[in-house]
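A short worksheet on the structure shown next.
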Amino acid sequence: MMTSTHLHFLTSVGVKKPNSIRNKDVMCPFCARELLTDIIDTDGPIMLLKNKYPVLQRSFQTVLIETDDCDAELSNYSNEHLYRLFQFAFNHWIKMEESGKYESVLLFKNHGPLSGGSIAHSHMQIIGLEDVDYTIDIKTEDFIGLEIDSSGGTEFTLSTLPKIGFYEFNVKLGERNEMETFARYVQTAAHYILTNFPFHCNSYNLFFYKLGEERYAKIVPRFVTSPLYIGFSIPQIPDNLEWMKEDIKKHYFTNTEHIHT
Ligand SMILES: [Zn+2]
């Protein structure tokens, strides 16, 4: 099978997609649970189903509804719900990878108006690509950075070589039994972006990657993309990464008993 570099988008399907982010009058399709069809699996309020608007050719598109609460957001989930969600998402992601039907399998999430998403209700997507391998343009350097925290083999860093530019948060999963730490680091990055970030930000993307034997997450606050990246593919590195690393530690990882200054 020929590996392809581009995905083909079906515009006739795209125009039918509802947009509850742009248009607040659109009824939330993920709240009308009794109307949902093609359900693949559920775990309590978490549900995986076939995407009703499969805009990508030669792919299997699914939607993972994270919660039955339309206003809930990953950055605020209880630990119990967060772990349950990550376990469910990873199980299905790996199951699709191991089916052998796809060149690669995407797992990602969009949040907010600048994220590229169309439905506000918290959800992820798992997409099997029949002839595109997403790992071709991904390098281990994309996940190195200043360490914010680590536990066992699981590491939370702020990119020093961001893929697109400015601020990118990385989480590397150590052992499989460190999933709870991994999930907590991802949630911390999302929470920092939405509530304690030095610039107003209401949007982020969360991407998951399998590179060799390692699994990673990248959390990216979204703003209008820099023209230097769009036109010339030059990522930019801000000069306050050291400050931001300390700021996140101060907000989320400081044991107050150890503060002496
Ligand atoms: Zn909803």
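Numbering of residues begins at 1 and proceeds along the displayed sequence. Atoms within each ligand, like the ligands themselves, are counted from 1 in listed order.
One distance of note links CE of M47 with OG1 of T67; it measures 11.5 Å at 0.5 Å rounding.
Taking a cut-off of 2.8 Å, the protein N, O or S atoms nearer than that to the Zn ion (ligand 1) are C28 SG, C31 SG, C70 SG, H121 ND1.
Of the charged side-chain nitrogens involved, at least one lies within less than 4.0 Å of a carboxylate oxygen, so that D43 and R84 count as a salt-bridged pair.
The number of heavy atoms from other shown groups lying within 6.0 Å of CG (N177) is above 12. Within 6.0 Å of the CZ atom in F199, the count of heavy atoms belonging to other residues, nucleotides or ligands exceeds 12.
For F90 and F208, the ring centers are positioned less than 6.0 Å apart.
With sequence neighbours excluded, no residue satisfies side chain to side chain donor-acceptor pair (under 3.5 Å) with Q87.
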